[in-house]
There are 2 protein chains.
Amino acid sequence: MPATIRDVAKKAGVGLGTVSRVLNQSPQVSDRTRQRVQDVIDELDYSPNPIARRLSLGKTHTIAVIIPFFTRPAAVERLRGITYSISGTEYDLIVANIETPERRIAAFRELARRERVDGVLIISLPFSEKDAELFIKSGIPLVFIDVNDPLLHDFNRIVVDDIEGGRKAVQHLLDLGHTNIGYISDVLEDPFPFSASRARFNGYRQALEAAGISPCPELHRHGEHSRSDAKIITAEMLRMPDRPTAIFAASDTQAIGVLETVREAGLRIPEDLSVIGYDDVEIADHLGLTTVRQLLVESGEKGVRLLLEVMQDPLREAECETLPTELIIRNTTAPPG
Amino acid sequence: MPATIRDVAKKAGVGLGTVSRVLNQSPQVSDRTRQRVQDVIDELDYSPNPIARRLSLGKTHTIAVIIPFFTRPAAVERLRGITYSISGTEYDLIVANIETPERRIAAFRELARRERVDGVLIISLPFSEKDAELFIKSGIPLVFIDVNDPLLHDFNRIVVDDIEGGRKAVQHLLDLGHTNIGYISDVLEDPFPFSASRARFNGYRQALEAAGISPCPELHRHGEHSRSDAKIITAEMLRMPDRPTAIFAASDTQAIGVLETVREAGLRIPEDLSVIGYDDVEIADHLGLTTVRQLLVESGEKGVRLLLEVMQDPLREAECETLPTELIIRNTTAPPG
DNA sequence: GTAGAATATGGAACCGGTTCCATTTACTTA
DNA sequence: TAAGTAAATGGAACCGGTTCCATATTCTAC
């Protein structure tokens, strides 16, 4: 049904190559011929078939984003930035939502192929040495957002210094006078843990040690990255004889779970217990949550820009851009009662 | 670099058609030949080029979702359901994020083309008669989620009865004894308003009228679909001499803005003012928000399933599935003080 | 006006699959 | 064993673009 380049050529009385040259703004067409062809293109409402174009050019014009979308609200805001930067480019954004380890492996396997995508963005996901081999072998341009690991030294990254971010969170609590500070995070002993959680934990530890406080293993607990697990863990912590006076949660999602349990226990926030999260997702403002802010939307935008550059110039050196974190003090932290 | 079907044929000593038959599970291949070809496929780590396949088959294997993604958290949860249902199919999901009317028009224009996508899902967006013509002309399979308009009678839809949903919200307030009930919504006088907001407004009005209360125009205000606009509008309402004792907000997002302003005004929720939202997005539970629940994830899942069926059988009659709404009473509504 | 250089153009070949029909091969029956 | 039928196979044509080189046309300089 839709007109093809052959229809245009025939009706304009020119060759296929000439139509192609008009379509692709080649200077090697006379103005007169160009106008004639353009008139026919308009008349037939012709536009090129993207699939045929992609096959011919040997490019997919597709960028894949692999994302644990719905279990990490922060990731949603990164994706927002990604859609902004992709919009107006010639690329399609395909989304692979990863909510289980099995899905992650399958997605990597499927997408690490040059005939499949031109580039890949990986957001907030664990990444193993074996995964790295797969992508290196494929030669697919790859950018990580919020994944930072020594393993990734030779890959392009947009990250924050999560050690510093973790330190800021804990330093804020120390400045308020807290010394008995809990930390709730994702599981850190997985074969492939999410690197940012581990770094935030290291920041937690470093800040305590710098203040001459020996980190107490009882005060660090982990579970799935979810509000409900954080609720359960917080309840356990509140049952400790020497319960913490403040809790640092590794993400705002988990901090929300903490808030819930603390309130259900009849404790006042922040008078009886201070809570600080990490990310500054959109709802954090509404909740009055004290948190460490990351530039989530900007990280997505920059990730796309970096990927486009890598796709343009595959020989460029791997780059790692570190975005700032910022302590955002709202209403969930105060000096210990 | 990657092996092609020609490499496989040559190495296996068969013709292209035979390799294709093996790839596509045709019965018309002897077991012996099939095994021989499969061994070579494994040896060369060959997989078909999806672009070539799509051109040959005349299918894009792509489904587009057009979504006002980030301005409507409910849409994010619908998208979650979409990713669940798409996962495991042969289709790529491309996401077009629409945050302005101009972007909407451009996206429709680009995507209403058979060489571009095999099907389209449109979520929570305004849709005009002109838009309808564009899609009818293209013959693209199309399913709407959360768009319900007489104009769409001949299109496939997954909807809720928003009139009933709006009535439920207001009926709940009436049952509590409220008679002075405000309503905050999106702009309804746009050339192409979002249909669900209008329907919820109709529900609001019907419930009042059924209770013998004449709807007061001063009690209905609208702005952009955002938390911040809802904050401003609520402040205006609170300044009314005869301010409402309860507010029905057309979405949870807007309800959150209402909560903020009410609290900033030093009023207690729900003692001084009751608030009810609409959607039951994930954070509503944490906020203790009374709301009208929609099955958001399920609406996405069903939308994909319906679209796949329409793509399978283009001659099928247009279908409209109506999902239930449910009143969810939490802590933001109580009898008037 | 002629020769040479520059510009414009057409279309065969190509991208990597699928498909369909002519041909070949294998099997069955008399 | 021969004839007929069924199954298997090969490869040309096709999908709709892009590109590159041979050729045609236009322009410039003498």
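- Of the possible donor and acceptor atoms, none in the side chain of Arg53(A) sits under 3.5 Å from a partner among the backbone N and O of Pro48(A).
- Rounded to a whole Å, the CZ atom of Arg32(A) is 15 Å from the C1' atom of dT7(C).
- Considering only side-chain N and O atoms, Arg53(A) lies under 4.0 angstrom from the phosphate OP1 or OP2 of dT18(D).
- Of the candidate nucleotides dT19(D), dT19(C), dG16(C), dG16(C) has the atom nearest to the side chain of Thr4(B).
- Counting only heavy atoms from C-beta on, Asn49(B) has its side chain closest to dG16(C) among dG16(C), dT9(D), dG17(D).
- The existence of a salt bridge linking Arg54(A) and Asp92(A) is confirmed by a sub-4.0 Å separation between a basic side-chain nitrogen and an acidic carboxylate oxygen.
- For the pair Ser56(A) and dT19(D), the criterion of a side-chain N or O lying under 4.0 Å from OP1 or OP2 is not met.
- Nearest to the side chain of Val14(A), among dG10(C), dG16(D), dC20(C), sits dG10(C).
- If you check every strand for non-hydrogen atoms under 4.0 Å, Pro27(A) touches sugar and phosphate atoms only.
- Remark on DNA chain D: of its neighbouring residues Arg6(B) and Val19(B), the 5'-side contact belongs to Val19(B), judged by nearest-heavy-atom nucleotide.
- The shortest distance between the side-chain N/O atoms of Asn24(A) and the OP1/OP2 oxygens of dT18(D) is below 4.0 Å.
- At a threshold of 4.0 angstrom between heavy atoms, the contacts of Ile5(B) include nucleobase atoms, whether or not backbone atoms are also involved.
- Taking atom CG on Asp7(A) and atom C1' on dG17(D), their separation rounds to 13 Å, with Å as the unit.
- Rounded to a whole Å, the CZ atom of Arg21(A) is 14 Å from the C1' atom of dG17(D).
- Classified by interplanar angle (parallel below 30°, tilted 30° to 60°, perpendicular above 60°), the ring pair Phe127(A)/Phe135(A) is tilted.
- Rounded to an integer number of Å, the gap from Lys59(B) NZ to dC14(D) P is 23 Å.
- For dA8(C), the OP1/OP2 oxygens have no side-chain nitrogen or oxygen of Ser30(A) closer than 4.0 Å.
- The pair Arg34(B)-Asp39(B) does not count as a salt bridge, with every side-chain nitrogen at least 4.0 angstrom from each carboxylate oxygen.
- The phosphate of dT9(C) (OP1 or OP2) has no side-chain N or O of Thr18(A) nearer than 4.0 angstrom.
- The backbone N or O of Gly81(A) sits nowhere less than 3.5 Å from a side-chain atom of Thr83(A) that would complete a donor-acceptor pair.
- The CG atom of Leu55(B) sits 13 Å away from the C1' atom of dT18(D) (whole-angstrom rounding).
- With rounding to whole Å, Gln28(A) atom CD is found 18 Å from dT23(D) atom P.
- As a whole-Å value, the separation of Arg114(B) CZ from dG16(D) C1' is 17 Å.
- Atom CG of Leu23(A) and atom P of dG17(D) are 8 Å apart (whole Å).
- Note on Thr33(A): a side-chain N or O is less than 4.0 Å away from OP1 or OP2 of dT9(C).
- Checking the phosphate oxygens (OP1, OP2) of dG17(D), no side-chain nitrogen or oxygen of Ser20(A) falls inside 4.0 Å.
- As judged by a 4.0 angstrom heavy-atom cut-off over every strand, Gly17(B) is placed among the base-contacting residues.
- When each of Arg34(B) and Ala52(B) is assigned the nucleotide of DNA chain D bearing its nearest heavy atom, the one mapping closer to the 5' terminus is Arg34(B).
- A heavy-atom distance below 4.5 Å is found between the side chains of Asp146(A) and Arg78(A).
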